[in-house]
Amino acid sequence: MNKKLFSFELLHKQESARAGVFTTPHGDIFTPVFAPVGTQATVKAVTPEQLQQTGASLVLANTYHLYLRPGADLIAEHGGLHNFMQWSGPMLTDSGGFQVFSLSAIRKVDDEGVTFKSHIDGSMHRLTPELSVAVQEKLGADIIMAFDECAVPDDLEYNRRSMARTHAWLERCVTARTRADQALFGIVQGGIFPELRRESAQFVSSLDLPGVAIGGLSVGETKEQMHDILEVVDPLLPQDKPRYLMGVGSPEDLINGVMRGVDIFDCVLPTRLARHQAAFTQTGRVNLMNSINTRSFAPIDEGCQCYTCRNFTRAYLRHLIIAKEMLASTLISIHNIQFLITLMGDARQSILDGTFDTFAAAFLERYQPNHKKEHV
RNA sequence: GGACGGUUACCCAAGUGGCCAAAGGGGACUGACUGUAAAUCAGCUGGCGAACGCCUUCGGAGGUUCGAAUCCUUCACCGUCCA
């Protein structure tokens, strides 16, 4: 590990909440941070320029999808992922581990690796820790993830075996890697079981990697279980390394995560919800296609500084939705991404100011996850 | 003037005696979405009701029948053809 290329500085802590800066070859990541997901080398519906304007720093892409199409060699020939998709900021590639979980109907896991049936053309493929690392080295993101198994969270025996396998795979990933300009993050697993999570957190921490991820959450367990696991893991993870909670999430989950020591989040939620006509506001989520917005000449969220809210009304967005115009997806994606990025930026500032507890309490108080009330 | 064919819910469109408050589309409306097989999926769409159910509907009016969107008569309108 080249310490000059990657470094994490913890600037301030308020109880478990942390404000820091993670330095990568493609720029600094100010934490806590939300990272938009661009699985197929694109954050759906937005251009890199638009993405940059939301304040995004770190962006994700997925090894499994890009390995299948267009192939890692092509992207390597193209000068790597940054050049390919024209994102000049920090990037992270997921290892394909999540697909081991989400494509459960068409895969088989063993200790060596995973055999997949491609969702694109039905062809068979085998992914191993070594291949995942090799592919991620060709893709060339700043942060690469260990190849793990994200198990169904509530089966103790399965999680015990799966966790052991994930640990073994992590050691193989460490051995397999060859590039010094990429930071490999290990992943803590263990389902909803505190004793497994403790063991996993200690094992992953012991390898002295540049960052640690917490996987296997927000996959069906309750919010309380997720919070409990974060609290179990928090004191066991190194203070001087960034912690990345994979696949999370909603605005309230982000705040609850920061409160429990998480620095980095990623999630498809803002962009998926946007394509499905839902938007975040300070008081909860709204479905913009609802008829109540027909004559709403207000922005999605009063006070939001995003491009969409500065320029367009709910009435216009609803019109685009009803008319099935693709600009709706773009504009709402811009808003939702900027909402989460701003939320994390505000949380960061409050940690630096020492006011995170009141900031978090106020947000959780006003933000209703499944709100039913009207918004004008 | 005559001969056929047609008129079904917001729209299109099945349905030719009871299993029809009425298939299927579309549209409208509502909900879900957390390391993206997702510009997707689900529900709902005569009224009242939580539900059993009750009430009102298949161009209008009248009739046959235990029972009619469905059969008969007539009127209106639309289409095609013949004068």
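Naming: A, B, ... by sequence-line order, numbering from 1 per chain.
With A39(B), G27(B), U30(B) as the choices, the nucleotide that has an atom nearest any side-chain atom of K324(A) turns out to be G27(B). When each of U34(B), G31(B), G35(B) is scored by its nearest atom to the side-chain atoms of N287(A), the top-ranked nucleotide is G31(B). The side chain of L60(A) lies closest to G35(B), out of G35(B), U30(B), U36(B). The nucleotide whose nearest atom lies closest to any side-chain atom of H276(A) is, among U30(B), A38(B), U34(B), A38(B).
Contacts of S291(A) with the nucleic acid, taken as non-hydrogen atoms under 4.0 Å apart, involve only primed sugar atoms and P, OP1 or OP2. Within 4.0 Å of K117(A), counting heavy atoms only, lies no atom of the nucleic acid at all. Residue-level contact check: E325(A) touches neither bases nor backbone, having no heavy atom under 4.0 Å from any strand. Nucleic acid contact for D253(A): base, since at least one base atom lies under 4.0 Å from a heavy atom of the residue. No engagement by G97(A) is indicated, since no non-hydrogen atom pair under 4.0 Å with the nucleic acid exists.
Side-chain nitrogen and oxygen atoms of R275(A) include none within less than 4.0 Å of the OP1 or OP2 phosphate oxygen of A38(B). Between R318(A) and the phosphate of C29(B), there is a side-chain N or O to OP1/OP2 separation shorter than 4.0 Å. Between S218(A) and U34(B) there is no side-chain N or O to OP1 or OP2 distance below 4.0 Å. For C29(B), neither phosphate oxygen OP1 nor OP2 lies less than 4.0 angstrom from any side-chain nitrogen or oxygen of N290(A). S102(A) has a side-chain polar atom (N or O) that falls below the 4.0 Å cut-off from OP1 or OP2 of A37(B).
For G31(B) and U65(B), the C1' atoms lie 47 Å apart once the distance is rounded to whole Å. Atom name P, nucleotides U80(B) and C58(B): the rounded distance is 28 Å, in whole Å. Between G25(B) and A76(B), the distance separating the two C1' atoms is 30 Å to the nearest Å. U64(B) and G27(B) are spaced 40 Å apart, taking the C1' atom of each and rounding to whole Å. Nucleotides A28(B) and U16(B) place their P atoms 31 Å apart, quoted to the nearest Å. Rounded to whole Å, the separation between the P atoms of G79(B) and A13(B) comes to 15 Å. Comparing the same atom, C1', in G60(B) and in C77(B) gives a spacing of 11 Å after rounding to whole Å. For the C1' atoms, the distance from U45(B) to A23(B) is 15 Å, rounded to whole Å.
Look at A68(B): it lacks any Watson-Crick or wobble partner with both distances under 3.5 angstrom. Pairing of C52(B), defined by two Watson-Crick or G-U wobble distances under 3.5 Å, is not identified with any nucleotide. Figure legend. G1(B) is base-paired to C82(B); pairs are counted as Watson-Crick or G-U wobble with both atom distances under 3.5 Å. For A39(B), there is no paired base (Watson-Crick or G-U wobble, both distances below 3.5 Å). Nucleotide U74(B) has G60(B) as its partner under the Watson-Crick or G-U criteria, with both atom distances under 3.5 Å.
By the 5.5 angstrom centroid cut-off and the 30-degree plane limit, H65(A) is classified as not stacked against the base of U36(B).
Where G215(A) and A323(A) each meet RNA chain B at their nearest nucleotide, the meeting point lying more 5' is that of A323(A).
The closest side-chain donor-acceptor pair between N159(A) and Q189(A), if any, does not fall under 3.5 angstrom. For D121(A) and S123(A), the side-chain atoms include at least one donor-acceptor pair closer than 3.5 Å. Side chain to side chain, Q50(A) and T47(A) meet the donor-acceptor criterion of an N or O pair below 3.5 Å.
Nucleotide A37(B) holds its C1' atom 10 Å from the CZ atom of R69(A), rounded to whole Å. If you take CG of L273(A) and P of G31(B), they are 13 Å apart, rounded to a whole angstrom. Between Q99(A) atom CD and A37(B) atom C1' the separation is 9 Å, expressed in whole Å. Following rounding to the nearest Å, L331(A) (CG) and A39(B) (P) show an atom-to-atom distance of 17 Å. Rounded to an integer number of Å, the gap from NZ of K44(A) to C1' of A38(B) is 8 Å. Atom C1' of nucleotide A38(B) and atom CE of M326(A) are separated by 18 Å, given to the nearest angstrom. If you measure from atom CD1 of I322(A) to atom P of C10(B), you get 19 Å, rounded to the nearest angstrom. Residue L170(A) contributes atom CG, which lies 22 Å from atom P of G35(B) at whole-angstrom precision.
Checked against a 6.0 Å centroid threshold, the rings of Y64(A) and H119(A) count as neighbours.
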Does the pair Y316(A) and F297(A) meet the rule for a ring-ring contact (aromatic ring centres under 6.0 Å, His included), with working shown? CA-CA 8 Å; Y316(A) 177 67; F297(A) 302 144; over 10 Å; no
Between F30(A) and F22(A), is the ring-ring contact (aromatic ring centres under 6.0 Å, His included) condition met? List the steps. CA-CA 6 Å; F30(A) 298 97; F22(A) 187 56; over 10 Å; no
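Here CZ of F185(A) is found 9.0 Å from CG of L209(A). Values are rounded to the nearest 0.5 Å.
Here the options are H125(A), R126(A), K108(A), R107(A), the test is side chain to side chain donor-acceptor pair (under 3.5 Å), and the partner is T115(A); only R126(A) passes.
For D148(A) against G35(B), a side-chain N or O and a base N or O form a donor-acceptor pair under 3.5 Å. Taking only distance into account, the side chain of T271(A) meets the base of U36(B) through a donor-acceptor pair shorter than 3.5 Å.
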